[in-house]
Amino acid sequence: MMQRAVWRPPWYAWTAIGLGALLLIHRGSPWLLRGHAIFVVVVVLAAVLVVVAALWELPPAAMMCGAIALTIFSGSWEILGLPGPPFLPDRILLVGALLALALRAPGAAAAPRLQVRGVHLVLALTVLYATASAAATGTLATKAGVFDLLDRLGALPFLMLLVAPALFSGQRERNMLLATLVGLGGYLGLTAIFEAVGPQALVIPHYISANDALAPVRQAAGPFRSSISEGFACFACGVAGAIAVGQWHGPRRYLAGAVVVVSALGVFLSLERGVWIAAAAGVVAVGLAAPELRRRLVPAAVTCALLVGGALVLFPSVAGNATQRTADKLPVWDRQNQTAAALRMIAAKPLLGFGWGNYANVSADYFRQASDYPMTGFSTSDNPLPLHDSYLSNAVELGLLGAMLWLGSLIWGLGGAVVARVPAELRPWRLGLIAIAVFFCVLAFFDPLQQNFTGLLLWSWAGLVLGARPRAQERPIEATRRASGASRLREGLLGTP
């Protein structure tokens, strides 16, 4: 029988990590190590190391679930008082999960080995192509260019298609993700409701309300500060809630049903027409894919109509915002002007495009005044606007060659997971993937998908569905180094390796 060793870092390894973190703090935010603040930093850092050491004993899926949950605050950590890169909690947990899997942490000992498929090579080729494009254009040296490669293009999300099959290979790990998404859906849905109708004191963190106050129309943007990302997140968490309704029992099942309701309201309160269309498409796609769900489409549509109608009747402010938003022609003009400019740019440089992350810098020269609507939506140095169509955006920046490579990666990666043969326990997850994949692909026609939560969850979900089962013949054993006394005590009390 094949045995696979696990690795528990010795005490001096954790000490070295702590000292390395202090060095990074000294370089990035030296003011945190001055005066009495240094004692607070040391105590917090020690507490973090204790938590990380505990997480090292758990399946890496625990850290991955934490990373997915905390990603909703990505881009706002400095507003919350954290020093900024590289001290981003979501990134730290993501890297920790990958390291735990690679270094064979105790919780990862039974995980299956990673399986490299052809789709992973195409995804890697797409990232390399975009990286070369950014390097040739000069945007690779910018912070925005790097993070766009990681998140908007999807270097990190693409990686999840490779590692998620191992991270979420067991029922326990999938239950962790399901509970995380249900809890996240409850938070996002309730926050969207409080944003729209109050009380504002319950909108936590408070920077959300401050961001809403700057918008001409109050749209639920949540911790993302983006109504588009809020709409996607609420929809995806609502799908997870629907899966939980079918799997959970007792009070937890009613809790999951409540999350579905508040998530649906969160989707509506985003007040994004593209989000509404994408949500309808996702629900219809699931109904067409699952014959047993088709008869529930009409009741689901009626329920959603009652929820939305009730919100409009009970809260005049919501009705006013929705009316103002749906009557607003400016977003339509923006997209018309941007689409026309993008087509001119593709015609000018069809093969290789203008370079990754370069649309906002060069697009103004390709805008033209239309005869029946004003010229809006163009970028300036003070207000760089993204192209509100992900397909056209990739074609403009990467050329038709890069856009086809990205589109092929999307179809092969997500489509391959959708059509893969899966065991019965994974069928609800596959149906959920159909819903959020269709949502993503439809929304990409209307809005820029720039927040990293979107790609991270989508490709993690696809990897979960595509994943292989753990190998029964593999059993974890202790590394040659003996476990600490605390680890042995935990083993004796809990009976876990």
Side-chain angles (χ1 to χ4, degrees), residues 130 133 137 139 144-145 148 152-153 214-219 221 225-232 268 270-281 320-404 406-407 410 438-451 454:
S133 175
T137 308
T139 56
D148 274 359
R152 179 163 68 91
L153 177 72
L214 299 176
V217 178
R218 186 173 291 275
Q219 299 174 253
R225 295 184 291 167
S226 166
S227 55
I228 300 165
S229 300
E230 173 80 359
F232 174 87
F268 169 69
S270 70
L271 300 185
E272 284 286 346
R273 286 165 285 195
V275 169
W276 299 343
I277 295 171
N321 288 331
T323 301
Q324 185 176 351
R325 180 63 180 166
T326 53
D328 189 3
K329 298 296 184 182
L330 182 60
V332 178
W333 295 333
D334 287 349
R335 285 161 176 77
Q336 288 177 316
N337 282 303
Q338 289 185 346
T339 298
L343 293 175
R344 295 187 191 102
M345 295 176 76
I346 294 171
K349 292 188 177 182
L351 189 60
L352 299 179
F354 287 80
W356 177 256
N358 205 30
Y359 166 80
N361 300 326
V362 299
S363 60
D365 293 337
Y366 293 86
F367 278 76
R368 303 288 186 271
Q369 176 64 63
S371 59
D372 53 349
Y373 54 87
M375 188 172 69
T376 62
F378 56 89
S379 296
T380 64
S381 58
D382 296 330
N383 186 29
L385 296 177
L387 177 55
H388 284 69
D389 186 320
S390 296
Y391 302 99
L392 284 179
S393 177
N394 287 325
V396 166
E397 296 185 340
L398 300 178
L400 295 178
L401 181 61
M404 293 303 294
W406 173 80
L407 185 60
L410 191 71
V438 169
F439 185 103
F440 176 90
C441 292
V442 172
L443 187 60
F445 280 107
F446 301 100
D447 294 296
L449 302 170
Q450 297 179 306
Q451 223 281 342
T454 305

List the atom of [X], the atom of [Y], and the distance in Å for their closest heavy-atom pair.
X	Y	result
Tyr391	Cys441	OH-O, 2.7 Å
Ser379	Tyr359	OG-CE2, 4.3 Å
Val442	Ala281	CG2-CB, 3.9 Å
Ala360	Leu385	CB-O, 4.2 Å
Ile346	Ala395	CD1-CB, 3.6 Å
Ala130	Leu153	CB-CD2, 3.3 Å

Qualifying side chain to side chain donor-acceptor pair (under 3.5 Å) pairs with a residue from residues 270-281, counting only residues at least two apart or across chains: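 Residue pairs with at least one partner in residues 270-281: Gln219-Glu272, Ser227-Glu272, Glu272-Arg325.
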
Contact list for residues 335-345, test salt bridge (Lys or Arg N to Asp or Glu O under 4.0 Å), sequence neighbours left out: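 Sorted pair list: Arg335-Asp447.
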
Not counting sequence neighbours, list each pair that qualifies as a salt bridge (Lys or Arg N to Asp or Glu O under 4.0 Å) and has a residue in residues 384-399.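 Applying salt bridge (Lys or Arg N to Asp or Glu O under 4.0 Å) to every pair that reaches into residues 384-399, excluding sequence neighbours, yields Arg152-Glu397.
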
Would you confirm whether Ser133, through its side chain, and Leu398, through its main-chain N or O, come within 3.5 Å as a donor-acceptor pair?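 It does not hold such a pair.
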
Rounded at 0.5 Å granularity, tell me how far CZ in Arg368 sits from CZ in Phe378.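 Here the rounded value is 13.0 Å.
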
In Å and rounded to the nearest 0.5 Å, what is the CZ to CD1 distance from Phe446 to Ile277?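 Result: 4.0 Å between the selected atoms.
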
For [X], give me all partners under side-chain contact (heavy atoms from CB on, under 4.5 Å), at least two apart in sequence or on another chain.
X	result
Ala370	Asp372, Tyr373
Leu330	Asp328, Trp333, Asp334, Thr376
Thr339	Leu343, Leu392

Is any side-chain heavy atom of [X] less than 4.5 Å from a side-chain heavy atom of [Y]?
X	Y	value
Phe354	Val396	yes
Thr454	Phe440	yes
Val275	Phe232	no

I would like to know whether Asn394 and Trp356 meet side-chain contact (heavy atoms from CB on, under 4.5 Å); could you show each step before the answer? CA-CA 8 Å; Asn394 287 325; Trp356 177 256; 3.5 Å; yes

